[in-house]
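Here the structure is laid out as structure tokens; the discussion comes afterwards.
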Amino acid sequence: MRELPVLRDTTLWRRAAPLTAEDTALPGRMLMLLSRLHRNEMQRMAESDAAGAAPSQGA
């Protein structure tokens with residue numbers, strides 16, 4: 001049976017390569033974009049519900 005290759009220690013690489021400002025800003029940007037997307041979808045759903053309810057109220 002062959003031995004498995006030794007995996008590189010990625011923790012050493014992370015210590016050697018500090019995060020840049022862009023790296024640390026990325027999660028915040030992703031969260032902001034997801035928040036906007038969610039808000040837009042909720043607004044569309046509310047508008048759709050309101051448009052669907054409007055004719056029944058007028059009749």
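For reference, positions follow the sequence shown, starting with 1.
Considering CG of L37 and CE of M42, their distance stands at 9.5 Å, rounded to 0.5 Å.
Here the closest non-hydrogen pair linking P27 and T24 is CD-O, 3.4 Å.
Here T20 pairs with D23 under the side chain to side chain donor-acceptor pair (under 3.5 Å) rule; sequence neighbours left out. Residues satisfying the side chain to side chain donor-acceptor pair (under 3.5 Å) criterion with E47, sequence neighbours excluded, are Q43.
More than 12 heavy atoms of other residues, nucleotides or ligands lie within 6.0 Å of CZ in R29, so this atom counts as buried by the packing criterion. The environment of CE in M30 is sparse: at most 12 heavy-atom neighbours from other residues, nucleotides or ligands sit within 6.0 Å. Enclosure of atom CE in M45 is not indicated, since only 12 or fewer non-hydrogen atoms of other residues, nucleotides or ligands lie within 6.0 angstrom.
Considering only heavy atoms from C-beta on, L26 stays 4.5 Å or farther from E22 through its side chain.
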